[in-house]
Amino acid sequence: VYGKVTKSSGSYPTYSVSDGDSKIQVYSSSTDQYAFLEPFIDKMTELEVTLCNWNGKQLKLTVLSAKYYNNLHFQK
């Protein structure tokens, strides 16, 4: 998935990924689980994900890995 990673504020922040047209929340069982995403907040990032059927209620993402592409080297 290629999208923008966002993080909500508050005492129990949640992460989401948006491709510009749609947005899906990332499943998290603890606030520290996705600390590795901090450098990717508000950046377009390639994520390796799987879907999680959260409590049988709705689909959420589980992030396995993330890559950030610095396109500054490719500007004309």
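The model shown is predicted, which means the values in this text are computed figures rather than measured ones.
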Minimum heavy-atom distance between S29 and Y12, given as atom pair plus value =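 Answer, listing the atom of S29 first, then Y12: C-OH, 3.8 Å.
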task = For residues L59 and I24, report the shortest heavy-atom separation together with the two atoms involved.
result =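 That would be O-CD1, 3.8 Å.
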Just so I know, are the side chains of [X] and [Y] near enough to count as touching, which here means a heavy-atom distance under 4.5 Å?
X: V17; Y: T45; value: no
X: K23; Y: T6; value: yes
X: T62; Y: V26; value: no
X: K4; Y: D42; value: yes

query = Going from CD on Q25 to OG on S18, what distance comes out if it is rounded to the nearest 0.5 angstrom?
reply =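 Interatomic distance, Q25 CD to S18 OG, rounded to 0.5 Å: 13.0 Å.
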ask   = With no hydrogens and no angle check, is any side-chain donor or acceptor of S8 less than 3.5 Å from a backbone partner on T14?
value =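 Looks like yes, one N/O pair under 3.5 Å.
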message = Any side-chain to backbone donor/acceptor pair from Y34 onto S28? Under 3.5 Å, distance only.
response =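 No.
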message = If the test is side chain to side chain donor-acceptor pair (under 3.5 Å), which one of E38, Q33, K60 qualifies with Y15?
response =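 Only one option passes, and that is E38.
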